[in-house]
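Remarks on the structure that follows.
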Protein chains: 2
Amino acid sequence: MDVEKVPTSLMASLQSLGYKATAPRKAIADLLEQKHQGFTAEALSEELPSVSRATVYRNIKLFIEAGVVCRLTLMDGSHVYSVSRTDHHHHHYVCMDCGKVEEFRASAVEQFVRSIAAELPGQVVDHRIELYVACDRCPAEQAG
Amino acid sequence: MDVEKVPTSLMASLQSLGYKATAPRKAIADLLEQKHQGFTAEALSEELPSVSRATVYRNIKLFIEAGVVCRLTLMDGSHVYSVSRTDHHHHHYVCMDCGKVEEFRASAVEQFVRSIAAELPGQVVDHRIELYVACDRCPAEQAG
DNA sequence: ATAGAGACGATAGAAAGTATCAATATGGAT
DNA sequence: ATCCATATTGATACTTTCTATCGTCTCTAT
């Protein structure tokens with residue numbers, strides 16, 4: 001289990017895909033840089049009243065496409081988004097109470113996926129692993 | 001990786017929780033017994049025009065509560081439901097093409113989850129593992 | 001400075017699921 | 001077998017989350 005920080009700015013990652021550096025986009029990127037909890041699209045939109053809701057949704061999609069934001073599914077089926085701090089394939093655990101999201105990598109999982117894949121007909125195209133936790137320090141960690 | 005069939009009827013599983021055996025409920029249960037692909041709530045509703053959409057949704061929730069139906073999240077974030085054929089804790093793989101859902105158990109995964117849990121602050125409350133596959137035999141397997 | 005692709009805001013609409021509530025059906029008690 | 005309390009249903013309105021449309025505006029390459 002390890003995580004490597006990749007400090008490239010979120011805006012830069014969109015620009016490298018050819019997307020323009022517009023003001024609303026920068027505002028979203030700047031806000032995302034601060035985020036260390038999972039967030040809903042709606043909440044993000046509310047934090048940026050100067051940016052149209054449609055634009056917030058559009059850009060979340062682009063950030064996901066660029067690989068710098070991930071969408072998680074909570075136990076109730078709702079979605080939260082999380083800024084990715086690593087370049088590498090990884091999975092997430094989410095605190096059900098404070099919304100904090102952490103990334104992990106574990107070769108054991110990937111190995112398991114490969115071994116399952118070998119037993120199945122066809123190809124394993126992708127996989128998703130999510131852990132839902134109740135972190136001990138929630139009350140102390142409520143922040144952006 | 002193994003699967004144990006539990007042939008108890010879906011209706012019986014609701015009745016054992018104290019829910020009544022109504023005609024719409026039976027119709028839903030009967031249809032579910034046939035299902036070997038994942039399905040959306042909407043599609044199920046369309047297959048049962050004699051049952052109100054609200055009743056279909058309500059009962060899917062009850063079947064999930066009873067542990068005989070599971071909700072999966074596809075890669076695009078949409079939800080499909082799948083009839084569970086086992087009593088035991090398990091995970092799923094879904095064919096992205098034909099919608100077929102299979103259950104698997106693998107002690108390696110559970111062991112991994114325990115080992116991750118040991119490294120985290122707090123408790124791992126739950127976990128979800130989903131594999132997305134493209135099964136070789138899709139065209140031959142399109143059926144209810 | 002300009003032009004054209006890309007992006008934006010505003011708003012309407014789609015998709016998926018939930019709430020409300022009057023009418024009905026079920027299952028246990030009699 | 002009948003009755004009754006309560007669970008359940010259907011119809012519909014509503015909510016939430018997200019997408020499409022479209023006319024206008026803004027980047028960025030030249």
Side-chain angles (χ1 to χ4, degrees), chain A residues 9-32 38-66 68-82 94 99, chain B residues 9-32 38-66 68-82 94 99:
Chain A
S9 88
L10 297 182
M11 192 59 243
S13 68
L14 286 199
Q15 285 183 277
S16 72
L17 293 180
Y19 294 111
K20 291 180 178 176
T22 66
R25 200 109 90 193
K26 283 180 207 157
I28 296 168
D30 286 351
L31 183 51
L32 290 184
F39 54 91
T40 64
E42 213 56 38
L44 189 65
S45 178
E46 276 163 32
E47 289 185 68
L48 287 166
S50 67
V51 177
S52 152
R53 220 168 59 88
T55 295
V56 170
Y57 276 91
R58 274 192 286 247
N59 280 287
I60 289 176
K61 274 180 93 166
L62 297 186
F63 284 115
I64 289 173
E65 177 192 334
V68 293
V69 164
C70 299
R71 179 179 52 211
L72 317 189
T73 304
L74 300 188
M75 276 163 55
D76 67 358
S78 66
H79 293 141
V80 297
Y81 300 89
S82 172
V94 201
Chain B
S9 90
L10 298 182
M11 192 61 243
S13 67
L14 286 198
Q15 285 183 277
S16 72
L17 292 181
Y19 294 111
K20 291 180 177 177
T22 66
R25 201 109 92 192
K26 282 179 208 158
I28 296 168
D30 287 351
L31 184 50
L32 290 183
F39 54 90
T40 63
E42 213 56 38
L44 189 66
S45 179
E46 276 163 32
E47 288 186 68
L48 287 167
S50 69
V51 178
S52 151
R53 216 169 61 90
T55 296
V56 171
Y57 276 90
R58 275 191 285 247
N59 280 286
I60 289 175
K61 277 179 90 166
L62 296 185
F63 284 114
I64 289 174
E65 176 192 333
V68 293
V69 164
C70 300
R71 180 178 52 207
L72 316 190
T73 303
L74 300 187
M75 274 163 55
D76 67 358
S78 66
H79 292 140
V80 297
Y81 301 89
S82 172
V94 202

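So that the names make sense, note that chain A is the first sequence line, chain B the second, and so on, each numbered from 1.
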Quiz item: Rounded to the nearest 0.5 Å, how far apart are CD of B:Gln15 and CG of B:Leu17?
Solution: 10.5 Å
Quiz item: Can you name the residues that form a side-chain hydrogen bond (donor to acceptor under 3.5 Å, both in side chains) with B:Ser82, not counting sequence neighbours?
Solution: none
Quiz prompt | A:Tyr57 side chain near C:dG9 phosphate (N/O to OP1/OP2, under 4.0 Å) | solution = no
Exercise. Just jot down the salt bridge (Lys or Arg N to Asp or Glu O under 4.0 Å) partners of A:Arg25, sequence neighbours excluded, or say none.
Key: none
Exercise. Would you kindly check whether a donor in the side chain of A:Arg53 faces an acceptor in the base of C:dG9, or vice versa, at under 3.5 angstrom?
Key: no
Quiz item: To the nearest 0.5 Å, what is the distance between CD1 (A:Ile64) and CG (A:Asn59)?
Solution: 11.0 Å
Exercise. Write out all pairs satisfying salt bridge (Lys or Arg N to Asp or Glu O under 4.0 Å) with one or both partners inside residues 50-61 of chain B, taking only residues at least two apart or from two chains.
Key: B:Glu42-B:Arg53
Quiz prompt | Contact interval (first through last nucleotide) of DNA chain D with protein chain A, 4.0 Å heavy-atom | solution = D:dT17 to D:dT28
Quiz prompt | Side-chain N or O of B:His79 closer than 4.0 Å to phosphate OP1/OP2 of C:dG17 | solution = yes
Quiz item: Which residues satisfy the side-chain contact (heavy atoms from CB on, under 4.5 Å) test with A:Lys26, sequence neighbours excluded?
Solution: A:Met11, A:Ala21
Quiz prompt | Within residues 38-51 of chain A, residues whose heavy atoms come under 4.0 Å of DNA chain C | solution = A:Ser50, A:Val51
Distance-only donor-acceptor pairs under 3.5 Å for side chains of residues 45-52 of chain B, two or more places apart:
unit_1  : atom_1 : unit_2  : atom_2 : d
B:Glu47 : OE1    : B:Lys35 : NZ     : 3.4
B:Glu47 : OE2    : B:Lys35 : NZ     : 2.9
B:Ser52 : OG     : B:Ala54 : N      : 3.2

Quiz item: If you measure from CD on A:Glu65 to OH on A:Tyr19, what distance do you get to the nearest 0.5 Å?
Solution: 3.5 Å
Practice problem: Using the test side-chain contact (heavy atoms from CB on, under 4.5 Å), find all partners of B:Ala41 that sit at least two apart in sequence or belong to another chain. | Solution: B:Tyr57, B:Ile60, B:Tyr81
Quiz item: Has A:Asn59 got a side-chain N or O lying under 4.0 Å from the OP1 or OP2 atom of C:dC8?
Solution: yes
Exercise. With axes from five pairs an end, tell me the bend angle of the helix from C:dA1-D:dT30 to C:dT30-D:dA1, nearest 10°.
Key: 30°
Practice problem: Please report the shortest heavy-atom distance between A:Leu62 and A:Leu14, naming the atom on each side. | Solution: O-CD2, 3.6 Å
Practice problem: Name all residues meeting the side-chain contact (heavy atoms from CB on, under 4.5 Å) criterion together with A:Ala43; count only those two or more places apart in sequence or in a different chain, and write none if there are none. | Solution: A:Thr40
Exercise. Could you pick out which residue, B:Ser78 or A:Arg25, lies toward the 5' side of DNA chain C when each is mapped onto its nearest nucleotide?
Key: A:Arg25
Quiz item: Are any of B:Lys61's side-chain N or O atoms less than 4.0 Å away from OP1 or OP2 of C:dG17?
Solution: no
Exercise. Check the pair A:Phe39, A:Val80 against side chain to side chain contact (heavy atoms under 4.5 Å, CB included), reporting the backbone distance first and the verdict last.
Key: CA-CA 5 Å; A:Phe39 54 91; A:Val80 297; over 6 Å; no
Quiz item: Considering all heavy atoms of both residues, which atom of B:Leu10 and which atom of B:Val68 are nearest to each other, and what is their separation?
Solution: CD2-CB, 3.6 Å
Quiz item: Tell me, for nucleotides 20-30 of chain C in 5' to 3' order, what letter each nucleotide earns: B for a base near a protein heavy atom under 4.0 Å, S for only sugar-phosphate near one, - for neither?
Solution: B-----BS---
